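Structure record follows, encoded as structure tokens.
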Amino acid sequence: MSEDIITSDLSGESKSPTNFIHAIIEEEIRNGKNEGRVHTRFPPEPNGYLHIGHAKSICLNFGTASKYNGLANLRFDDTNPVKEDTEYVDSIMEDVRWLGFDWDDRLYYASDYFDQLYEWAVKMIREGHAYVDDLNAEQISEYRGTVTRPGKESPYRTRTPEENLDLFTRMKDGEFPDGSRVLRAKIDMAHPNMLMRDPIMYRILHTDHHRTGDKWCIYPMYDYAHGQSDYLEGITHSICTLEFEVHRPLYEWYLEQVAEGSYRPRQIEFARLNLTYTVMSKRKLLQLVNEKVVNGWDDPRMPTICGLRRRGYTPESLRAFADVIGIAKRDQVIDVALLEFCVREDLNKRSNRVMTVLNPVKLVIDNFPEGEVIELEAINNPEDPEAGSRLIRFTKELYIEREDFMENPTGKFFRLKPGGEVRLKYGFIIKCEEIVKDSEGNITEIHCTYQEDTRSGMVNSNKKVKGTLHWVSAEHAIPVEVRLYDRLFATETPENVEEGKDFKDNLNPDSLKTITAMAEPSVLKLVVGDRVQFERLGYFCVDPDSTSSKIVLTALLH
RNA sequence: UGUCUGAUGGUGUAAUAGGCAACACGUCUGAUUCUGGAUCAGAAGAGUCUAGGUUCGAGCCCUAGUCGGACAACCA
């Protein structure tokens with residue numbers, strides 16, 4: 001008798017984590033709104049590269065659609081030809097796909113709707129809901145009033161529909177120069193919401209559009225185009241960020257002018273993502289690129305999706321991140337450590353281990369036969385038995401990490417020290433016998449002895465030692481370029497600056513160090529985009545700058 | 001000063017018929033380990049912005065404040 005309950009409890013969506021948007025949707029589905037249909041859209045403007053904040057939105061929109069057996073569209077909000085470009089269209093599609101989402105055949109552009117939008121504008125003019133204004137930009141701004149003072153009506157507001165229609169047609173036909181006239185919605189110049197004070201619907205822009213070419217010289221504004229595009233696509237939930245909250249009344253007002261029947265898309269806002277130690281605004285990211293603070297949009301220090309990709313982040317980890325940060329309406333500043341946790345968790349299970357020495361110092365095994373090479377079996381990934389193993393070569397002369405030796409150890413240092421013993425991973429236990437220094441006192445060689453029967457798997461191999469070091473054979477090691485990236489900013493909230501300073505004053509001067517490291521030969525088999533864990537050091541990704549003669553590795557986390 | 005909006009451990013998110021504030025990250029212990037990683041076990045850390053009210057009982061409902069965010073581009 002209770003079986004039904006149990007079954008429905010396990011199969012329903014009620015178990016999965018939810019957020020306030022999903023709560024709204026579930027409520028609507030219960031009430032039969034839109035016949036239970038869920039249709040979302042991701043509407044980027046093709047005027048820049050996507051960043052991790054967009055990833056949050058992409059995951060929300062596409063994730064919500066699939067959760068409720070709905071659809072998600074990709075729509076380019078391309079209503080401003082002076083800022084937009086196909087370069088961005090391409091990169092955005094690549095990034096959305098890379099993140100793991102698919103819009104099938106639902107790729108749209110706001111510019112697809114220019115004809116319909118124009119017709120609707122004409123309808124609004126005929127019905128007395130829109131007029132052509134001859135005021136210039138400065139005057140319009142003056143007439144608009146302020147947040148505390150009402151605006152005043154333009155002297156052109158009372159033009160007849162016929163006159164407006166004539167003027168609007170001539171605007172479209174290119175008779176007037178940029179900025180000379182606009183089409184405005186006739187709403188209320190005293191409205192407490194400034195956006196309702198006769199917002200501009202169309203402006204004159206004698207600029208070619210990346211898709212419509214020179215067909216148009218008037219272009220619709222965001223508020224007029226967006227809701228109507230949603231309506232035309234049958235969008236049920238138009239999910240956007242909080243700054244559009246004040247736009248909602250206008251969104252709904254425009255819809256009422258043109259919509260028929262009872263269907264209306266519904267705008268719902270959520271808080272945009274902020275991350276500690278990063279800036280997220282497109283404008284500031286563009287500035288970093290233009291001023292060459294970073295090496296382009298895909299610089300591994302950038303929070304852009306292409307930057308994160310180059311840094312080595314996996315799509316899975318980004319999706320997991322989007323999932324774990326949640327959706328709400330209060331401002332969020334997520335600790336970047338959470339993002340790092342998400343990749344680490346993913347890569348720990350998936351990436352092969354490699355031994356690489358970033359800062360080598362020579363280690364000589366005095367009692368190891370000259371010229372002898374022993375092949376040792378190394379586990380590729382202890383977290384994944386399927387990953388198998390490889391052979392690594394052990395010789396008399398090795399490199400170890402300079403930091404793994406301390407001449408005068410203090411406290412809890414349990415790596416190599418004079419007279420101390422340590423294990424060389426997959427190899428032998430060695431004992432430090434003496435050190436050689438140059439005239440300046442720098443250590444140039446560390447001399448050790450090894451115990452043959454402590455080799456991994458042999459009789460004495462479970463002898464206790466405090467530390468295990470990674471190493472490479474000096475003779476076989478491959479020099480590789482390693483780019484050690486750190487966070488771009490030195491302060492948690494780089495955008496919070498005192499008077500007279502700007503966010504670039506908070507840059508971390510050491511966000512990139514390039515070094516030559518010594519890697520085990522298996523790195524030769526890696527290809528661009530491969531991610532590996534350097535044993536005991538962190539995760540690294542093969543950079544596209546790699547050539548056949550030089551491998552470049554980007555530090556993801558170290 | 002106007003409109004809209006939000007407030008829960010250090011951070012983020014839950015608590016969806018008013019019923020012992022939960023989960024994750026981070027931090028700290030300990031165990032274990034041939035990676036100071038991972039894993040495992042455990043701990044500290046909020047009494048829910050404030051003040052009133054309703055109620056046997058309030059994070060949740062009511063009233064009044066406080067503080068934060070958004071909005072005055074022919075940008076999106």
Side-chain angles (χ1 to χ4, degrees), chain A residues 14 17-20 23 26-27 43-45 47-48 77-80 82-84 110 133 135-137 140-142 144-151 178-184 191-197 199-205 218-219 221-223 225-226 240-249 269 271 273 276 282-283 324-342 344-345 348-349 353 355 379 382-383 412-415 422-427 429 454 456-457 461-470 492 533-539:
Chain A
S14 57
T18 190
N19 57 54
F20 80 99
E26 287 175 25
E27 172 75 23
E45 183 189 13
N47 71 341
D77 223 330
D78 56 352
T79 56
N80 185 0
V82 312
K83 287 189 174 180
E84 296 148 7
D133 196 349
L135 257 29
N136 64 35
I140 287 178
S141 168
E142 273 172 37
R144 187 152 30 223
T146 69
V147 288
T148 51
R149 300 245 174 288
D178 287 7
S180 58
R181 283 183 170 85
V182 291
L183 182 72
R184 291 233 247 171
H191 198 106
N193 181 341
M194 304 264 316
L195 287 157
M196 300 296 273
R197 320 241 263 229
I200 293 170
M201 293 173 65
Y202 273 91
R203 73 287 216 192
I204 301 171
L205 250 27
I218 56 170
Y219 292 93
M221 299 288 289
Y222 164 83
D223 286 298
H226 199 88
C240 61
T241 44
L242 243 29
E243 67 268 29
F244 292 100
E245 206 157 29
V246 269
H247 293 244
R248 195 181 340 121
E269 312 84 13
L273 169 66
T276 55
K282 266 190 193 176
R283 207 198 90 241
V324 81
I325 59 175
I327 301 293
K329 294 192 79 160
R330 76 189 87 122
D331 296 327
Q332 62 173 193
V333 184
I334 305 279
D335 191 338
V336 74
L338 184 55
L339 211 212
E340 293 172 349
F341 163 80
C342 291
R344 195 176 280 122
E345 190 186 41
N348 177 51
K349 296 195 197 88
R353 273 59 171 171
M355 292 209 284
I379 309 290
E383 306 285 326
K412 290 207 277 180
F413 183 84
F414 42 84
R415 289 166 278 172
V422 89
R423 170 171 294 282
L424 294 175
K425 179 122 185 166
Y426 300 123
I429 291 173
T454 59
S456 297
S461 67
N462 38 19
K463 178 179 174 183
K464 285 278 176 205
V465 284
K466 280 210 221 153
T468 300
L469 306 187
H470 62 278
E492 266 198 31
Q533 185 197 89
F534 285 175
E535 201 96 33
R536 298 211 303 137
L537 297 173
Y539 296 96

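Convention: sequence-line order gives letters A, B, ...; per-chain numbering from 1. Note that the coordinates shown come from a computational prediction; the quantities given were computed from them, not determined experimentally.
- With hydrogens and angles ignored, the 3.5 Å screen pairs a side-chain donor or acceptor of A:Y426 with a backbone N or O of A:I379.
- Pairing for B:U8 is absent, with no Watson-Crick or G-U wobble pair whose two atom distances lie under 3.5 Å.
- Checking B:A22 for Watson-Crick or G-U wobble geometry (two distances, each under 3.5 Å) identifies B:U13 as its partner.
- You'll find that the side chain of A:E245 is closest to B:U5, out of B:U5, B:G36, B:A76.
- Straight-line distance between the C1' atoms of B:U63 and B:A17: roughly 24 Å, to the nearest whole Å.
- Taking a pair to require two hydrogen-bonding distances under 3.5 Å in either a Watson-Crick or a G-U wobble arrangement, B:G2 pairs with B:C71.
- For the C1' atoms, the distance linking B:U32 with B:C40 amounts to 8 Å, nearest Å.
- B:A14 and B:G9: their C1' atoms are spaced 14 Å apart (whole Å).
- For B:C25 and B:A72, the C1' atoms lie 40 Å apart once the distance is rounded to whole Å.
- Taking only distance into account, the side chain of A:H247 never meets the base of B:A70 through a donor-acceptor pair shorter than 3.5 Å.
- The nucleotide B:A43 finds its pairing partner in B:U27, both defining distances of the Watson-Crick or G-U wobble pair being shorter than 3.5 Å.
- Out of B:C74, B:U16, B:G12, the shortest distance to the side chain of A:T18 is found at B:U16.
- Checked by distance alone, A:R353 brings a side-chain donor or acceptor within 3.5 Å of a matching partner on the base of B:U35.
- Picking from B:G6, B:C74, B:A72 the nucleotide with the shortest atom distance to the side chain of A:V147 gives B:A72.
- Within the 4.0 Å cut-off from OP1 or OP2 of B:A72, not a single side-chain nitrogen or oxygen of A:T148 is found.
- Remark: B:U50 base-pairs with B:A64; criterion is Watson-Crick or G-U wobble with both hydrogen-bond distances under 3.5 Å.
- Residue A:N19 places its side chain closer to B:A14 than to any other of B:U16, B:G37, B:A14.
- In this structure, the nucleotide among B:G12, B:A76, B:C25 sitting nearest to the side chain of A:F341 is B:C25.
- Considering only the side chain of A:E383, B:G37 comes nearest among B:G12, B:G37, B:A76.
- The base of B:U35 lies close enough to the side chain of A:Q533 for a donor and an acceptor atom to sit less than 3.5 Å apart.
- Distance noted for atom C1' between B:U54 and B:G69: 31 Å (whole Å).
- Rounded to whole Å, the P atom of B:U29 lies 36 Å from the corresponding atom of B:A51.
- One C1' atom belongs to B:U50, the other to B:A41, and the distance between them is 41 Å to the nearest Å.
- With B:U5, B:A76, B:G36 as the choices, the nucleotide that has an atom nearest any side-chain atom of A:M221 turns out to be B:A76.
- Across the P atoms, B:U3 and B:G65 are found 12 Å apart, a figure rounded to whole Å.
- Residue A:P192 has its side chain nearest to B:G2 when only B:G2, B:A24, B:U35 are considered.
- Contact check, A:Q332 against B:U13: a side-chain N or O comes under 4.0 Å of OP1 or OP2.
- Of all nucleotides listed (B:A72, B:G69, B:A76), B:A76 comes nearest to the side chain of A:F244.
- A donor N or O paired with an acceptor N or O is not found under 3.5 Å between the base of B:G69 and the side-chain atoms of A:R330.
- The side chain of A:S141 has B:A73 as its nearest neighbour among B:A73, B:U16, B:G36.
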